[in-house]
Amino acid sequence: MTQTSTPHLVLVDGSGFIFRAFHALPPMTSPAGVPVNAVYGFTNMLSRLLREHAGSHLAVIFDAGRHTFRSEIYPAYKAHRPEAPEELRPQFALVRDATRAFNVPGIELPGWEADDLIASYARAVQAIGGTCTIVSSDKDLMQLIGNGVSMVDPMKQQPIGLAEVEKKFGVTPDKVIDVQALMGDSSDNVPGVPGIGPKTASALINEFGTLEAVLSAAPEMKKSKKREMLIEHAEAARISRRLVELACDVPLPVAIDELTVKEPEKETLAAWLENMGFRSLISRMGMATYAGTEAHRAARATAEASVNPTEAQADTGISETVTAPPYSGYETVRTAEALERWVAAAREAGLCAVDTETDGLDPLSAGIVGISLATAPGKACYVPLRHQGTLEEPAGEQLSPDDAITLLRPLMADASVLKIFQNAKFDLLVFDRAGLDFTDISPTDDTMLLSYVQSAGLHGQGMDELSALHLGHKPISYTDVTGTGRNKIPFAQVAVSKATDYAAEDADVTLRLWYALHPSMRANQCLALYEQIERPLSPVLAEMEKTGIAIDRAALSRLSEDFATRMAVMETDIHAEAGREFNVASPRQLGEILFDEMGLKGGKRGKAGAWGTDSSVLQDLVDQGHALPEKVLAWRQLAKLKSTYTDALLRQATTDDRVHTSFQMAITTTGRLSSNEPNLQNIPVRTEEGTRIRQAFIASRGKKLISADYSQIELRLLADAADIPALREAFTQGQDIHTRTASEVFGIPAEEIDSLTRRKAKAINFGIIYGISAFGLSKQLGISPGEARTYIEAYFTRYPGIRDYMERMREQARELGYVLTSFGRRCYVPGIHDKNAARRQYAERQAINAPLQGGAADIIKRAMVRLPRAIADAGLSARMLLQVHDELLFETSEDEAPRVAALVRDIMENAAQLSVPLVVETGIGNNWAEAH
DNA sequence: GTCCTCACG
DNA sequence: GACGTACGTGAGGACG
């Protein structure tokens, strides 16, 4: 390239493009798991530019940082711009890498915006008689157009000329800054003159010529709001002009003649594109494919497949064609030699996905039927162990479970091989039953939890759902191989070939999910939460489930009979009162009796048209003096206790008279656990009858139960997060928080607070945690919504920080779609932009509640992870049995009980450091009611 | 399967 | 001015 012809300099507004591409393109991730959608858009744009529109000279210009001379003139300038989204941040550096890979100079200069550099280069080229094309759609660059400087929109690939500027600003390019100075720019915090918008601004500039002319003509204008504003805000307009006017005399970091277009080095570029996973670009540019390892190619294809191809096509007009390895061709492993080969492959890979197949979904009772392993995407096997064979297909040779476990044990314990599970707790328990202690399986990862910490509330965490979402693949379903209903067969009766297709695929999918989910952990700032809390919790919960809790069968049987007898008497009574027989358990029939036949008032119909008959409705009727609803309420209480608790618990207890719940780790939107089959997190406690059920949860012979529960943990988190001095002080001094609230909100000395007033304050405190509404509070307290509103107002007046906290959470949810606990857990709030106000407000309340409920969940989980080790280190033999959100229940020998209680309290209270103390209350007893 | 109701934090 | 309402769960019975 020589300088005989005049230069044509192409200047790419790199920073502007990144933001636009990021928001315009669907999410994509590189094989390494880094988000790359903006990088992809940028790379495409750059390669097209080189191919089609290259001038003689080319440079990409970037912003060097947030601080520029403009923030010195006017500190508010761009001050309220939010931080770049997390998915975008890692892409800034990658885009700079892209320019290097293409051998294009990337230029930035601290203290100056990209726009200033662009302006300076453009003027410099004009000065030497050259021409310039600015590749950008930024309106602030339009002031430069003319005299050989043109602009082109990189996304729409359309030129931006005089017509476009006229349309946008109503003036010629040389007058754009004067118009901008008058109208201001809210997105950049350029003040302008209040009340003057684009129409007035351009009219004024067209009439008077320049900003100064407008300002000096203002006093002579006829009296109007406009005139006043122009006079009053003249200085703001002048500052605005300095803010929008681009600097044309910035020192040029690289001389223009060094910007001549050069050919990229093909190998460097190809390697970089390969690394990013932009394979279609490689082929489009006619370059050979850089050869990676088989595993890396497969992993890359898997990760690329996570891009939704139709969206990508629609937005870019370009499609990445990728091929993941097929989900087929799996091996059935029948011999020790074959299994040893797979163990060796796993060792070589440094990781493997593991899945177990069982007879049944309860890992505590189901036996192992087979094991599958995957060592690379598409490379997986199934080891049948206890298949029975079918008429058409005999099971054939199988390893025995013991032999298989013996062969796998060293691999499972190998510290250099990562074992990847989907829902590790299940497989750990299955292995444990098969003779491989889950303490001997390490290190592990769990794709379900990897996904959960990044997407709770956004979607379910089941393997099939994750596979569809991240891999675009629908795995063979369990019911496809076992059938459903009356045709359902145990997994051991599934033909081995079919079982291999299904089971090996599950391990394969798990491995591919790991490649899709693990790399984004760091960028999403979920790694610590996952590694320090969720992952180590799996074996802790597995141990608790395995242990179970003892119940008193005789007591439960007596209770059940007692309830049955009393219900029968009540039923007769209720029928007599109603004037006819009906099913008391049927809400519909009850509603008809009460509101149609007896004509009671106060009924409300639900959306299905049926009368509502829940306890608040019935209680209203009781308060009106009616007898029947009161009897139904009493009957219902017993019916609930009998069916849900006494009878069900007797059914679910194992032969050693213990019940074993299952804790679900990835169900709730806030990070709490849930408990099912049976649910041991909702055992009655609030009524006397309920207490009798709790008494049936007992310590086994010679032992004691210890209950330890956090006092007011969510309110403490609120006092901490919202930074409310009065609440913090109350907690620090160990005051009764509801009394203190009552005193402050109602303006009464603490000593004079009666129980009713304290109850009101307590309801408000709880309401705050739930994202208070006047209606909800009024219902809770049985007062009018108007009165509730005055309470809430008084509360906010006294504690303004609470309102700020609430608004911060709403704002964060609107901006990001999720809120965070202080430990980095993401809680998605999908309805936050719903156009339906009710659903949107519901989402806002979720956003307010989730950091508190979720933060409390994080804290108790931290304690749970530390406790088993702490108990063992102290030489104690206590076992953790249950978690009920803010309570832990332990079983221990009688003589150790006080020491265990003290230790548990210590660990729990120090599980997190807040600006308020955490307080744990413990109790020791022979049964759960006594201990609580 | 879905609705209603109700047990817990 | 109407909307529909406190946050998070799981289980059992009725009903279609």
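The sequence lines fix the lettering, A, B, ..., with proteins before strands; numbering per chain opens at 1. Both backbone and side-chain heavy atoms feed into the values below; hydrogens, waters and symmetry mates do not.
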K.L.:
Nearest to the E677(A) side chain among dT5(C), dT9(C), dA11(C), which nucleotide is it?
P.N.:
dA11(C)
K.L.:
Distance check needed: dT9(C) P versus M665(A) CE, whole Å only.
P.N.:
16 Å
K.L.:
Looking across every strand, which nucleic acid part, if any, lies under 4.0 Å from G771(A) by heavy atom: base, sugar-phosphate, or nothing?
P.N.:
nothing
K.L.:
Take atom NZ of K779(A) and atom C1' of dT5(C), then tell me their distance rounded to the nearest Å.
P.N.:
7 Å
K.L.:
Using OP1 and OP2 only, check whether a side-chain N or O of S675(A) sits under 4.0 Å from dT9(C).
P.N.:
no
K.L.:
Base, sugar-phosphate alone, or nothing: which one does I667(A) contact when heavy atoms must sit under 4.0 Å apart?
P.N.:
sugar-phosphate
K.L.:
Any side-chain heavy atom of L594(A) sitting closer than 4.5 Å to one from H626(A)?
P.N.:
no
K.L.:
Less than 4.0 Å between a side-chain N and a carboxylate O, is that true for E543(A) and R879(A)?
P.N.:
no
K.L.:
Counting the benzene-type ring for Trp, do Y791(A) and Y795(A) have ring centres under 6.0 Å apart?
P.N.:
no
K.L.:
Applying a 4.0 Å non-hydrogen cut-off, can you work out what A763(A) is touching in the nucleic acid: base, sugar-phosphate, or nothing?
P.N.:
base
K.L.:
Nucleotide by nucleotide, 5' to 3', does protein get under 4.0 Å of the base (B), only the sugar-phosphate (S), or neither (-) in nucleotides 4-9 of chain B, counting heavy atoms?
P.N.:
SSBBBB
K.L.:
Starting from the C-alpha separation in whole Å, work towards a yes-or-no answer on side chain to side chain contact (heavy atoms under 4.5 Å, CB included) for K546(A) and L429(A).
P.N.:
CA-CA 8 Å; K546(A) 196 175 131 188; L429(A) 284 167; 4.3 Å; yes
K.L.:
Pick one: which of R636(A), E689(A), R692(A) meets side-chain contact (heavy atoms from CB on, under 4.5 Å) with L641(A)?
P.N.:
E689(A)
K.L.:
In this structure, how many angstroms lie between the C1' atom of dG12(C) and the CG atom of N676(A), rounded?
P.N.:
14 Å
K.L.:
Could you give the OH-to-C1' distance, from Y791(A) to dA6(C), as a whole number of Å?
P.N.:
17 Å
K.L.:
Have a look at Q664(A) and say if it touches a base, only the backbone sugar-phosphate, or nothing, with a 4.0 Å heavy-atom cut-off.
P.N.:
nothing
K.L.:
Between I713(A) (CD1) and dG8(C) (C1'), how many Å, whole number?
P.N.:
15 Å
K.L.:
Students often get this wrong, so: under 4.0 angstrom with heavy atoms, is F766(A) touching a base, only sugar-phosphate, or nothing?
P.N.:
nothing
K.L.:
State whether R651(A) places a side-chain N or O below 4.0 Å from either non-bridging phosphate oxygen (OP1 or OP2) of dA11(C).
P.N.:
no
K.L.:
Check this for me: does any side-chain nitrogen of one of E793(A) and R803(A) sit under 4.0 Å from a carboxylate oxygen of the other?
P.N.:
yes
K.L.:
In Å and rounded to the nearest 0.5 Å, what is the CG to CG distance from L673(A) to L882(A)?
P.N.:
11.0 Å
K.L.:
Hey, mind stepping through Q883(A) and S675(A) against side-chain hydrogen bond (donor to acceptor under 3.5 Å, both in side chains) and telling me if it holds?
P.N.:
CA-CA 9 Å; Q883(A) 187 248 45; S675(A) 154; over 6 Å; no
K.L.:
Between I783(A) (CD1) and dA6(C) (C1'), how many Å, whole number?
P.N.:
13 Å
K.L.:
Considering only side-chain heavy atoms of T669(A), which listed nucleotide, dC7(C), dG13(C), dT9(C), is closest?
P.N.:
dT9(C)
K.L.:
When the C1' atoms of dC4(B) and dC3(C) are considered, how many whole Å apart are they?
P.N.:
23 Å
K.L.:
Considering heavy-atom distances to DNA chain C, does Q846(A) or A774(A) have its closest nucleotide positioned more toward the 5' end?
P.N.:
A774(A)
K.L.:
Using only side-chain N and O atoms of T644(A), determine if any of them is under 4.0 Å from OP1 or OP2 of dG13(C).
P.N.:
no
K.L.:
Expressed in whole Å, how much space separates the C1' atoms belonging to dC6(B) and dA2(C)?
P.N.:
30 Å
K.L.:
Would you mind checking if D804(A) and R808(A) are paired as a salt bridge, meaning a charged N to carboxylate O distance below 4.0 Å?
P.N.:
no
K.L.:
For dG10(C), does either OP1 or OP2 sit under 4.0 Å from a side-chain N or O belonging to S674(A)?
P.N.:
yes
K.L.:
So, is N583(A) close to the dA14(C) phosphate, meaning a side-chain N or O under 4.0 Å from OP1 or OP2?
P.N.:
yes
K.L.:
Answer yes or no: is there an ion pair linking E561(A) with R558(A), defined by an N-O contact shorter than 4.0 Å?
P.N.:
no
K.L.:
Once you apply a heavy-atom cut-off of 4.0 Å, does T668(A) come out as touching a base, just sugar-phosphate, or nothing?
P.N.:
sugar-phosphate
K.L.:
Could you spell out the base pairing of DNA chain C in dot-bracket, with Watson-Crick or G-U pairs whose two distances are under 3.5 Å, [ ] crossing and | to another strand?
P.N.:
......|||||||||.
K.L.:
Figure out the CG/P separation between L882(A) and dT9(C), and round it to whole Å.
P.N.:
20 Å
K.L.:
Surrounding CG of L361(A) (heavy atoms of other residues, nucleotides or ligands, distance under 6.0 Å), is the total greater than 12?
P.N.:
no
K.L.:
Measuring only the C1' atom in each nucleotide, how far is dA6(C) from dT2(B)? A whole number of Å is fine.
P.N.:
24 Å
K.L.:
Nearest-Å distance, CD (Q883(A)) to P (dT9(C))?
P.N.:
14 Å
K.L.:
Checking contacts here: which listed nucleotide (dG8(C), dA14(C), dC3(C)) is nearest the side-chain heavy atoms of A837(A)?
P.N.:
dC3(C)
